[in-house]
Amino acid sequence: MRLDKLLANMGYGSRKEVKQLLKQNAVTVDGEVVKDSSMHVNPDEQDVSVFGERVIYTEFIYLMMNKPPGVISATEDLVDQTVIDLLDPLSQHFKPFPVGRLDKDTEGLLLITNDGQLAHNLLSPKKHVPKTYYAKINGVVTEEDGIAFKQGVELDDGYVTKPGDLKILKSGPQSEIELTIQEGKFHQVKRMFEARNKKVTYLKRISMGSLVLDEELELGDYRELTSEELNALKNIE
Ligand code: URA
């Protein structure tokens, strides 16, 4: 790969800006100062450094975000702030996108990547990747709701959901639950409770497949996936 392309891809500026870096003697390949932007390098085998810092070349980026409310799960929007707007410029440079959508008012686990293949696998209806949500509900959630979700409930558009798994954490006028579903229909959790005449007042995703929200992440914070998390996600059958 051309040196200027590699550095531009890794966020060191446009090809023109990269040329300036080379002019300043800031770039070395295997310890030697290089000025030729068209030089071909192999980032896996050669040490490319800028101002003495090694450039680790990666094509893909994998981030776990604790999505805050009020932000939309999209790459751009004319009105609202998006989850991509919350990323630092270097991460944005990889042109990542959110894997699936959480509603504007929903919080919690969101995977952000530029790996289209992984995103496709995670979202494919054929793979039945389970997603678990924690929710607060206006209304007394009972075992009957659990049985109904297990059998599938009919949503407002006539669609009958696949079996969902309900765990009641607190049953009362304000209930707290965890619900695991294997699909991702629009507003699905909210509409499943509506089908039971109950209202979701707070919703947070806590897991998606093997990936579990890191509770250390504050709302709006994100971090790279660990190699264990990434390998487990990639092992979806
Ligand atoms: N179900 C919903 O209703 N909203 C979400 O954001 C995710 C699942």
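Indexing begins at 1, ligand by ligand and atom by atom, following the structure's order. Both backbone and side-chain heavy atoms feed into the values below; hydrogens, waters and symmetry mates do not.
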Legend entry - Short side-chain to backbone donor-acceptor contact, Gln92 and Leu87, under 3.5 Å: yes
Legend entry - Ion pair Asp103/Arg205, N-O distance below 4.0 Å: no
Inset, instruction - Using the ring of Phe193 (Phe, Tyr or Trp, six-membered ring only), decide whether Lys199 places NZ or CZ under 6.0 Å from its centre and within 45 degrees of its axis. - result: no
Inset, instruction - For the pair His93 (side chain) and Gly13 (backbone), establish whether a donor and an acceptor sit closer than 3.5 Å, ignoring hydrogens and angles. - result: no
Legend entry - From CZ (Arg223) to CE (Met65), nearest 0.5 Å: 13.0 Å
Inset, instruction - Would you check if the side chain of Ser175 reaches a backbone N or O of Ile137 as a donor-acceptor pair within less than 3.5 Å? - result: no
Inset, instruction - Might you list the protein residues in contact with ligand 1, defined as having a heavy atom under 4.0 Å from one of its atoms, sorted by chain and number? - result: Leu102, Asp103, Thr106, Tyr133, His187, Gln188, Val189, Lys190, Leu203
